[in-house]
Structure formats: structure tokens, C-alpha cells
Amino acid sequence: MKGFVFDLDGVITDTAKYHYEAWKELADQLGISIDLKFNEQLKGISRMDSLERILAHGNKQSAYMQEEKEAFAAQKNEAYVQLLQNLTPADLLPGVAEFLKEAKAKKMPCAIASASKNAPFILEKLGVIDLFDAIVDPATLTKGKPDPEIFVKAAESIGIKPEEAIGFEDAQAGIAGIKACGMYAIGVLADEPLTQADRTVHSLAELNMDELIAL
Ligand code: XGP
């Protein structure tokens, strides 16, 4: 193995809960009820696609003009960014800082494959942006997870083939995308069983990097 590819929300830090909080506030305002089970469907997909899924869930997919939808998405993002203000390096999930530092010492490149446009901001706040060699720009993507596009681009961005990379994900759609391009998939901290993952762990602290490199 020659490099690592990470999802952000729910893998590097637990921001998935803040996305849910901000989406739920908007959904409530629109008279649409969402719960944690429904929220699983929003993991790994873009802001506008997430909004469309919420509207479809409430049978309101045709109720709003494009400008109104964009205003809703912006409102959700403002609420979400507010929730991120107090993020510090203490919010890294267990084992993440140690894993990234070891990867750097062993010259194993690391890339972020997240649908979130907030990824660089979050990585700055967590104090780990310099430990990543590349962050895929979600604006360049044509399809969301479970399509493998983002993972293929992430491997490319660190100069390796997908089958030479290990991908980390907390959501079913992400694991499916990782597997669809031939990467080795590690499921992290999942609320639901990640059936397609090659391995699942509660935290990155459980992993031995030399064993991973030798896979
Ligand atoms: P951004 C976010 C979506 O809003 C959210 O619904 C997804 O779960 C998340 O990306 C996936 O990581 O995108 O609003 O932070 O750009």
C-alpha cells in the first residue's frame, strides 16, 4: 500500500452530528420531519443533493424555486459553520493525530475525499491541514458517493492507483465508492454495520500502520 484516503465528517472528526443538527433545524422549518436513520442517506453527498433528498423525503421536491433552494442551503451552511466555531484539535477523533503523524514520518501520502466544501476550514481548525498532501475539490465532481469518482481523484491527487490506497469511511455509500474503484476499505465508528468494508474499527488507534502498508 502506498497511501491513505480519508472521508472527513465522522472519520477525522465528529462533524456528522453538526450537519444533522443544522439540516434538522432547516427541515423542521420546512415542515419536514427527519431522523438519524434518514440522516444516513445524507452522508457523503453534496449540500444541494442533501437538500434535494430532504425535500423529496417531505414530498416537497417541486415546492420551491431554485433561488429559494439556494437560500435554504446557504441558511443551513450558516447554522453549520456557527456550530464549527468552537472546533479545536481536541475534537480530532481518537488515534487520528497519531495516525497522520506516523503516515508523514513513513512518507505515506494522505488525501481527503469529502463532499464537503467546508473541509479546508475544518482541517485548519483541527490543526491538521499540513498533514494532508491533497484535498479533493468537491466542485470538480460530477457524481456523489457511492460513485467512486471522488476516491479515484483522491488517489490520483497523491500520485497512486486506487488499488494501492486504503480508504477510510463512516458511511455505507462511502465504503461502496471505495470498493467500486478497488481500494481497501476500512469502516470507522459506524452507527450501522458497514457490510462491504474489508475491516471495521472503532478508532484509528486500533490500527498498526506497518501491517496496513504490507497488505
Ligand atoms: P457542505 C456537506 C453536506 O451539507 C452534508 O449533507 C453531507 O453529509 C456532507 O457534506 C458530507 O461530508 O457538504 O455543506 O459542508 O459543503
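One-based numbering, in listed order, for ligands and for the atoms of each. All values below were derived from every heavy atom in this structure, side-chain atoms included, with hydrogens, water molecules and symmetry-related copies excluded.
- Hydrophobic clustering places Tyr18 together with Phe6 (ILVMFWY residues linked when any side-chain heavy atoms are closer than 4.5 Å, directly or through intermediates).
- Of the protein's non-hydrogen atoms, the one nearest atom 12 (O) of ligand 1 is Asp9 OD2, 2.6 Å.
- Among protein heavy atoms, atom 15 (O) of ligand 1 sits closest to Ser116 OG, 2.5 Å.
- Considering backbone and side-chain N/O atoms, Ser46 never comes within less than 3.5 Å of an N/O atom of ligand 1.
- Atom 16 (O) of ligand 1 has its closest protein heavy atom at Lys117 N, 2.7 Å.
- Looking at Asp7 next to ligand 1, no N or O pair under 3.5 Å apart turns up.
- If you check which protein heavy atom lies closest to atom 4 (O) of ligand 1, you get Lys76 NZ, 3.2 Å.
- Atom 2 (C) of ligand 1 has His19 CE1, 3.4 Å as its closest protein atom, hydrogens excluded (heavy atom only).
- For atom 8 (O) of ligand 1, the closest non-hydrogen atom on the protein side is Leu42 O, 2.8 Å.
- In this structure, the side chain of Glu40 does not engage the main chain of Lys37 through any donor-acceptor pair within 3.5 Å.
- Polar contact check, Arg47 against ligand 1: a nitrogen or oxygen pair lies under 3.5 Å apart.
- With a heavy-atom cut-off of 4.0 Å, Ile45 touches ligand 1 through its backbone alone.
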